[in-house]
Number of protein chains: 2
Amino acid sequence: MYQINNKEYNCSLAVSLDIFNDKWKLYIIWQLLSGEKRFKSLNQNIGEISQKTLCIKLKELEEKNIIYREAFAQVPLKVVYSLSPVGKELKDVLDDMHRWGKHYVKTHGKIT
Amino acid sequence: MYQINNKEYNCSLAVSLDIFNDKWKLYIIWQLLSGEKRFKSLNQNIGEISQKTLCIKLKELEEKNIIYREAFAQVPLKVVYSLSPVGKELKDVLDDMHRWGKHYVKTHGKIT
DNA sequence: CCGTATCCTTAGAGATACTG
DNA sequence: CAGTATCTCTAAGGATACGG
């Protein structure tokens, strides 16, 4: 049995699936794998995500210590997000998912 | 650009994330990785999934050709689910997620 | 045993407007 | 620029009962 923030899991896979059981977190990680990014950049480069949802997801990822947030005292404001060590270790997962998607499209979809 | 069932994606990762953007599909794959399973077995072994939801998710996976469904003309009925070739190729993804979850728990949770 | 059919409840997410 | 605050809506999922 595993416990994180008073939540119980009977398998460590359940931990991952629970954390990333939403529409956007893995997209955000994917963006950050290529280097730290500002809020605006994420908002523009991640499909159709709304500002509000992006805020919420970034906060959740920061609370879980998967990403870091660094704010600069400037006007206009500058905030930079980057992957923590444990966040960087998601690279394998995302590479595999990317590869699988490519393979799935090749056999079951169209490339235009 | 990729197209599957009249849905457009600009990245093959988006394909994977869209397919598995729900609470249960990857759990089902995880179960089936250890061999074919009957409906009841899945229903009992996958956390708190309801019968209705399991039905829906199995159907979706079958339509996407990720799992196979085989029904035996018996009374009582017997139905067996198994992974298709492209379904089996999700093993890497799930192994990585499992490994990451284990690592995350070690550094951010408790093991009881 | 393996599902369907309803009904119902909530969390996730979008749109828009506003603030430090 | 980087967020909050509302307000709204929909689809995912659960509970329960029924059917082949």
Side-chain angles (χ1 to χ4, degrees), chain A residues 5-9 14 16-32 35-64 66-82, chain B residues 5-9 14 16-32 35-64 66-82:
Chain A
N5 300 330
N6 298 323
K7 267 189 161 183
E8 303 261 339
Y9 305 92
S16 317
L17 292 182
D18 189 39
I19 292 178
F20 298 106
N21 176 30
D22 64 60
K23 203 173 170 184
W24 298 111
K25 286 205 206 80
L26 284 176
Y27 267 113
I28 296 172
I29 308 291
W30 179 249
Q31 285 290 313
L32 294 179
E36 59 178 34
K37 295 273 169 2
R38 298 185 61 170
F39 183 87
K40 195 184 177 187
S41 159
L42 291 171
N43 200 11
Q44 289 173 340
N45 287 309
I46 298 180
E48 315 284 304
I49 196 169
S50 69
Q51 206 172 18
K52 176 197 142 194
T53 304
L54 180 56
C55 275
I56 293 173
K57 295 308 165 183
L58 286 169
K59 207 175 290 180
E60 286 177 16
L61 285 168
E62 197 197 350
E63 280 166 8
K64 290 173 169 38
I66 295 169
I67 65 172
Y68 294 145
R69 177 186 187 277
E70 194 181 2
F72 297 86
Q74 299 181 353
V75 178
L77 227 66
K78 177 177 171 180
V79 178
V80 166
Y81 292 93
S82 58
Chain B
N5 299 330
N6 297 324
K7 267 189 162 185
E8 303 261 340
Y9 305 92
S16 316
L17 291 182
D18 189 39
I19 292 177
F20 297 106
N21 176 30
D22 65 61
K23 203 172 169 184
W24 299 112
K25 286 205 206 80
L26 284 176
Y27 266 114
I28 295 172
I29 308 291
W30 180 249
Q31 285 292 312
L32 294 179
E36 58 178 35
K37 295 272 169 4
R38 297 185 61 170
F39 182 88
K40 195 184 178 186
S41 159
L42 291 171
N43 201 11
Q44 289 172 340
N45 287 309
I46 299 180
E48 314 284 304
I49 197 169
S50 68
Q51 207 173 17
K52 176 197 143 194
T53 304
L54 181 56
C55 274
I56 293 173
K57 296 307 164 184
L58 287 169
K59 205 175 291 179
E60 288 178 13
L61 286 169
E62 197 197 351
E63 280 166 7
K64 290 173 170 36
I66 295 168
I67 66 171
Y68 293 146
R69 176 185 189 276
E70 195 182 2
F72 297 85
Q74 298 181 353
V75 178
L77 227 65
K78 177 178 172 180
V79 178
V80 167
Y81 293 93
S82 59

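All heavy atoms count here, side chains included; hydrogens, waters and symmetry mates do not. Lettering of chains follows the sequences in order, A, B, ..., and the numbering in each one begins at 1.
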Novice: Base, sugar-phosphate, or nothing: which does A:N43 touch, judged by heavy atoms less than 4.0 Å apart?
Specialist: nothing

Novice: Judged by atom type as modelled, is there a donor-acceptor pair below 3.5 Å linking the side chain of A:N43 to the main-chain atoms of A:F39?
Specialist: no

Novice: Under 4.0 Å between a side-chain N or O of B:R38 and OP1 or OP2 of C:dG3?
Specialist: no

Novice: Please tell me if A:T53 has a side-chain N or O lying less than 4.0 Å from either OP1 or OP2 of C:dG14.
Specialist: yes

Novice: Take B:D22 and B:Y27 through the side chain to side chain contact (heavy atoms under 4.5 Å, CB included) test and state the conclusion after the steps.
Specialist: CA-CA 10 Å; B:D22 65 61; B:Y27 266 114; over 6 Å; no

Novice: Atom CZ of B:F72 to atom C1' of C:dG3: distance rounded to whole Å?
Specialist: 17 Å

Novice: Does OP1 or OP2 of C:dA13 have a side-chain N or O of A:K57 closer than 4.0 Å?
Specialist: yes

Novice: Side chains of A:L42 and A:I49: closer than 4.5 Å at any heavy-atom pair?
Specialist: no

Novice: Rounding to a whole Å, what distance do you find between A:F20:CZ and C:dG12:P?
Specialist: 15 Å

Novice: Are any of B:K59's side-chain N or O atoms less than 4.0 Å away from OP1 or OP2 of C:dT4?
Specialist: yes

Novice: Atom CG of B:L54 and atom P of D:dG13: how far apart are they, to the nearest Å?
Specialist: 12 Å

Novice: To the nearest Å, how far apart are B:L42 CG and C:dC1 P?
Specialist: 14 Å

Novice: For the side chain of B:Q51, starting at C-beta, report the closest nucleotide among D:dG13, D:dG3, C:dG3.
Specialist: C:dG3

Novice: How is A:K52 classified with respect to the nucleic acid when contacts are heavy atoms under 4.0 Å: base, sugar-phosphate, or nothing?
Specialist: base

Novice: Output yes when at least one side-chain N/O atom of B:Y81 is less than 4.0 Å from OP1 or OP2 of C:dG3, else no.
Specialist: yes

Novice: To the nearest angstrom, how far is A:Q44 atom CD from D:dG3 atom P?
Specialist: 14 Å

Novice: May I ask you to check if B:K78 and B:F72 form a cation-pi contact, with NZ or CZ under 6.0 angstrom from the six-membered ring centre and within 45° of the axis?
Specialist: yes

Novice: Whether the side chain of B:K64 engages the backbone of B:I19 through a donor-acceptor N/O pair (distance < 3.5 Å, no angle test) should be reported.
Specialist: no

Novice: Between B:L77 and B:N21, who's closer to the 5' end of DNA chain C by nearest nucleotide?
Specialist: B:L77

Novice: Hey, is the side chain of A:K40 poking within less than 4.0 Å of OP1 or OP2 on D:dC1, counting only N and O atoms?
Specialist: yes

Novice: For the pair made of CD in B:E70 and C1' in C:dC1, what is the distance, rounded to whole Å?
Specialist: 16 Å

Novice: Starting at NZ of A:K25 and ending at P of C:dA11, how long is that distance when rounded to a whole Å?
Specialist: 15 Å

Novice: When the distance from CG of B:L58 to P of C:dG3 is rounded to whole Å, what number comes out?
Specialist: 7 Å

